[in-house]
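Predicted, not measured: the structure shown is a model, and the values here were computed from it.
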Amino acid sequence: MMKKMMALLMALVVCTGAAWGGMFSEDPGELVVGGQLWFPGEGDDDLFDLGYGAQVSYREWFHFPWGVGLNLGVAQWDVDSSSTAYKHEPLTDYKGDALLVYAGPALYFSVVDWDNWSLVAETGVQFVYIDSDVSFVLDGKRYSVDIDEAILWHIGLEYEYMLGENVYVLVGGGYQMDIMAADTKFAAGKLRDTHLHGGFARLGVKFLF
């Protein structure tokens, strides 16, 4: 399922890039494809232990060193089996994972632009759709957890190095936090909101076109 989602997201970004091409700048547009890891930030207070997935981005430099773009991604976040995220002692044996599909605009600033490498700062917001396969045990019965959508804000920094004409490799990282945490419930009622804050690391390839 994740491969199909990633193929769809790549197609959407390429089409968006084609539509945006030259809209903000006469410089080439940039398409970035990469993998990403997330590290939820507060131990057992977080439902999730680790997230991993892929992201595609399109950006243009409308008034260098400022740029704008669009990020689309898909990820799987694995549950921390020792979590106490919902702060109710009888809830035990957390299991499962969640599929996250996210999209949102970003603002970029070129901190350093050298001959064959650059350093780029990024900030933006993302709307996150969550398909939950999370469950826990309460009074000997296993319940599924329903997690609604969320909105996140992130900030990051990435290093880009030229491999060849119009091709760069990049590595980066940053932090994301909840603007709107995800409403969460199960069959017997409402639970505490689910949070997606934490650090992330990214490795990818950038193409100019």
Asp148 to Ile130 - nearest heavy-atom pair and separation: O-CD1, 3.3 Å

Rounded distance (nearest 0.5 Å) linking atom CZ of Arg59 with atom CG of Leu70: 12.5 Å

Side-chain heavy-atom pair Leu208, Tyr168 within 4.5 angstrom cut-off: yes

Test item: His195 and Phe48 side chains (from C-beta on) under 4.5 Å apart, heavy atoms: no

Asp49 side, atom CG; Ser83 side, atom OG - distance, nearest 0.5 Å: 9.5 Å

Leu138 CG to Ser135 OG distance, which is reported to the nearest 0.5 Å: 12.0 Å

Aromatic ring proximity, centroids under 6.0 angstrom, Trp66 and Phe109: yes

Least distance between heavy atoms, Leu37 atom then Tyr52 atom: CD2-CB, 3.5 Å

Closest non-hydrogen atom pair between Glu122 and Ala106, with its separation: OE2-CB, 3.8 Å

Charged N-O contact under 4.0 Å between Glu158 and Lys206: no

Joint cluster assignment, Met162 & Leu170, ILVMFWY side-chain distance < 4.5 Å: no

Side-chain heavy-atom pair Lys190, Asp183 within 4.5 angstrom cut-off: yes

Value rounded to 0.5 Å, distance of OH in Tyr161 from OG in Ser118: 12.0 Å

Shortest non-hydrogen contact between Ala150 and Ala181, atoms and distance: CB-C, 4.4 Å

Close side-chain approach of Leu119 to Trp114, heavy-atom, < 4.5 Å: no

Donor-acceptor pair between Asn71 and Ser57 side chains, under 3.5 angstrom: yes

Whether over 12 other heavy atoms sit under 6.0 Å from Phe127 CZ: yes

Ser132 side, atom OG; Asp97 side, atom CG - distance, nearest 0.5 Å: 8.5 Å

Closest approach of Phe64 to Ser110 (non-hydrogen atoms, all atoms of both residues): CZ-OG, 3.5 Å

Contact check, side chains of Tyr94 and Asp80, non-hydrogen atoms, under 4.5 Å: no

Common cluster, Leu191/Leu47, ILVMFWY with side-chain heavy-atom separation under 4.5 Å: yes

Close side-chain approach of Val167 and Phe207, heavy atoms under 4.5 Å: yes

Closest approach of Ala103 to Leu72 (non-hydrogen atoms, all atoms of both residues): CB-CD2, 2.9 Å

Parallel, tilted or perpendicular, as decided by the 30° and 60° cut-offs, for the rings of Tyr102 and Trp38: perpendicular

Working for side chain to side chain contact (heavy atoms under 4.5 Å, CB included), residues Phe209 and Asn166: CA-CA 7 Å; Phe209 66 96; Asn166 297 333; over 6 Å; no

Any donor-acceptor pair under 3.5 Å from Thr184 side chain to Thr194 backbone: yes

Side-chain heavy atoms of Val137 within contact of Arg142, under 4.5 Å: yes

Step-by-step side chain to side chain contact (heavy atoms under 4.5 Å, CB included) determination, Gln126 to Leu100: CA-CA 11 Å; Gln126 296 172 340; Leu100 278 61; over 6 Å; no

Side-chain heavy atoms of Val205 within contact of Val33, under 4.5 Å: no

Side chain Asp178, main chain Leu196, donor-acceptor under 3.5 Å: yes

Rounded distance [0.5 Å steps], CG in Asp131 versus CG in Asp146: 9.5 Å

Verify same cluster id: Val171, Val32 (apolar side-chain graph, 4.5 Å): no

Whether Tyr143 and Phe186 hold their rings parallel, tilted or perpendicular, with breakpoints at 30° and 60°: perpendicular

